[in-house]
Amino acid sequence: MSDYSKEEKSLLIVEKLNEVFDVRVFEDKDPYRVLVRTILSQRTRDENTDQATNNLFSKYKDIYEVADAPTEDVEELIRCSGFYRVKAGRIKEVSRILIDQYGGEVPNNMKELLELPGVGRKTANCVLVYAFEEPAIPVDTHVHRISNRLGLVNTKDPEDTEKELDNFVPEDIKILLNDLMVQFGQNICKPISPQCEICPLDELCDKNI
DNA sequence: AAAACGGGGGC
DNA sequence: GCCCCAGTTTT
């Protein structure tokens with residue numbers, strides 16, 4: 001396995017995982033809705049994220065309606081996503097900041113995104129990738145864990161994982177690798193009790209788990 | 001470095 | 001009934 005370079009290994013990972021998982025496509029690229037959806041997705045499964053997102057945007061159409069909505073109403077609409085009071089407060093706060101300071105638009109750079117409440121590196125990168133189509137790697141717990149297990153990186157801090165991956169993952173597969181790793185992490189290479197017996201990356205892994 | 005936020009679903 | 005989930009902020 002170690003006769004591959006890390007770049008070659010990342011390409012192989014995408015190839016093999018893509019035989020098992022379909023890359024998820026997010027049809028809605030509106031930056032504000034991508035941002036809100038991503039905040040709602042924090043520590044939350046996809047089904048509950050989708051439900052909360054649909055609940056919110058079927059009642060409030062745009063950033064101005066969300067900003068003016070009663071906080072309790074927003075809380076109730078996104079309740080199923082969990083952390084709903086914190087998220088509702090941050091979504092309302094973000095909306096107000098964007099209206100007051102950015103003309104109602106979402107900034108398209110890491111620095112300004114990180115200044116928004118509820119937006120860390122993972123969320124900011126999701127916005128850059130899914131709304132602005134920039135090549136970046138949103139490193140969540142799955143991507144961090146699996147990159148380490150597969151020996152692509154050797155890091156404790158997810159930000160270091162992001163910077164390491166940035167060094168050798170080809171731009172055109174960054175989002176593919178990211179999304180496939182998440183699905184792989186959710187379904188097979190789980191945090192505890194990984195399903196090594198059905199692993200499509202068997203030959204790339206040291207199994208030092 | 002650790003705690004806090006949380007309803008929903010798997011087992 | 002117990003444990004975890006595409007994180008971020010606060011202590």
Side-chain angles (χ1 to χ4, degrees), chain A residues 13-14 17 21-29 31 33-56 71-95 97 106 110-132 134-150 152-153 155-162 165 169 173-195 209:
Chain A
I13 290 168
V14 167
L17 288 183
F21 302 107
D22 292 324
V23 178
R24 292 171 295 182
V25 288
F26 297 99
E27 64 295 335
D28 193 348
K29 295 187 175 182
R33 288 196 294 274
V34 170
L35 173 56
V36 171
R37 200 205 102 90
T38 307
I39 290 174
L40 290 173
S41 81
Q42 292 165 1
R43 299 299 288 174
T44 303
R45 291 182 162 83
D46 290 344
E47 311 80 65
N48 296 329
T49 299
D50 293 340
Q51 184 63 56
T53 306
N54 292 337
N55 286 350
L56 182 65
T71 301
E72 297 84 32
D73 291 4
V74 174
E75 287 178 355
E76 200 51 41
L77 291 169
I78 68 170
R79 188 185 192 88
C80 63
S81 80
F83 296 144
Y84 61 95
R85 280 190 278 266
V86 172
K87 288 175 179 175
R90 288 173 180 166
I91 287 169
K92 291 236 353 160
E93 204 177 339
V94 164
S95 304
I97 292 171
V106 176
M110 176 65 74
K111 181 179 181 301
E112 290 178 320
L113 285 168
L114 287 179
E115 291 171 358
L116 301 172
V119 179
R121 291 198 73 84
K122 185 265 175 186
T123 300
N125 272 326
C126 280
V127 171
L128 293 176
V129 166
Y130 293 111
F132 298 114
E134 284 195 25
I137 303 183
V139 174
D140 73 325
T141 55
H142 295 301
V143 175
H144 181 58
R145 178 183 70 258
I146 286 156
S147 297
N148 275 282
R149 281 184 179 172
L150 292 176
L152 289 177
V153 302
T155 54
K156 294 286 286 182
D157 184 349
E159 184 170 347
D160 292 332
T161 301
E162 181 193 330
L165 292 176
V169 178
I173 68 160
K174 278 183 178 174
I175 191 53
L176 303 181
L177 179 70
N178 180 83
D179 186 66
L180 290 168
M181 271 192 179
V182 170
Q183 296 189 57
F184 176 55
Q186 291 171 331
N187 297 290
I188 298 175
C189 196
K190 301 176 182 182
I192 56 175
S193 307
Q195 315 280 96
I209 301 174

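As a basis for the values below, the full set of heavy atoms in this structure was taken, side chains included, without hydrogen atoms, waters or symmetry mates. Protein chains get the first letters and strands the later ones, always in sequence-line order, with residue 1 at the start of each.
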Length of the line joining A/R85:CZ and C/dT8:C1', which is rounded to integer Å: 17 Å
Atom-to-atom span, CG of A/D46 to C1' of C/dC4 - whole angstrom: 14 Å
P atoms of B/dG8 and C/dT8, separation to the nearest Å: 23 Å
Atom-pair distance (CD on A/E159; P on C/dT8), nearest Å: 11 Å
Sugar-phosphate, base or nothing in reach of A/Y84, heavy atoms under 4.0 Å: sugar-phosphate
A/T155 backbone acceptor or donor facing A/N148 side chain under 3.5 Å: yes
Atom pair distance, as rounded to whole Å: CG in A/N178 and C1' in C/dA6: 8 Å
A/E47 vs A/G82, nearer the 5' end of DNA chain B by closest nucleotide: A/G82
Rounded distance in Å between the P positions of B/dC11 and C/dA6: 14 Å
Along DNA chain B, first and last positions that approach a heavy atom of chain A under 4.0 Å: B/dC5 to B/dG8
Sugar-phosphate, base or nothing in reach of A/L114, heavy atoms under 4.0 Å: nothing
Protein-nucleotide distance (A/L113, atom CG; C/dG7, atom C1'), rounded to Å: 15 Å
A/K87 NZ to C/dC5 P, straight-line distance once rounded to whole Å: 14 Å
N or O in side chain of A/T123 less than 4.0 angstrom from C/dT8 OP1/OP2: yes
Sugar-phosphate only, base, or nothing, as touched by A/R43 at under 4.0 Å among non-hydrogen atoms: base
Touch class at under 4.0 angstrom, heavy-atom based, for A/R145 against every strand present: nothing
Sugar-phosphate, base or nothing in reach of A/V119, heavy atoms under 4.0 Å: sugar-phosphate
Gap between atoms CD1 and C1', on A/I39 and C/dG7 respectively (whole Å): 11 Å
Sugar-phosphate, base or nothing in reach of A/T49, heavy atoms under 4.0 Å: nothing
Sugar-phosphate, base or nothing in reach of A/V86, heavy atoms under 4.0 Å: sugar-phosphate
Side chains of A/R24 and A/V182 in contact at under 4.5 Å (non-hydrogen atoms): yes
Rounded P spacing from C/dT11 to B/dG6 in Å: 15 Å
Short side-chain donor-acceptor distance under 3.5 Å, A/T44 and A/K87: yes
C/dG1 and B/dC5, which share atom name P, separated by this distance in whole Å: 22 Å
Touch class at under 4.0 angstrom, heavy-atom based, for A/P158 against every strand present: nothing
C/dC5 phosphate, OP1 or OP2, under 4.0 Å from A/Q42 side-chain N/O: no
Sidechain-backbone polar pair: A/S81 side chain, A/I78 backbone, donor-acceptor under 3.5 Å: yes
Check: A/R33 side chain, A/T53 main-chain N or O, donor-acceptor pair, under 3.5 Å: no
Touch class at under 4.0 angstrom, heavy-atom based, for A/T44 against every strand present: base
Close side-chain approach of A/K156 to A/T161, heavy-atom, < 4.5 Å: no
Within-4.5 Å side-chain heavy-atom neighbours: A/V129 and A/P138: yes
First encountered from the 5' end of DNA chain C, between A/N48 and A/G118: A/N48
pair A/H144-A/D157: side-chain heavy atoms closer than 4.5 Å: no
Length of the line joining A/E162:CD and C/dG7:P, which is rounded to integer Å: 14 Å
Flag for A/Q183-A/D179: side-chain donor and acceptor within less than 3.5 Å: yes
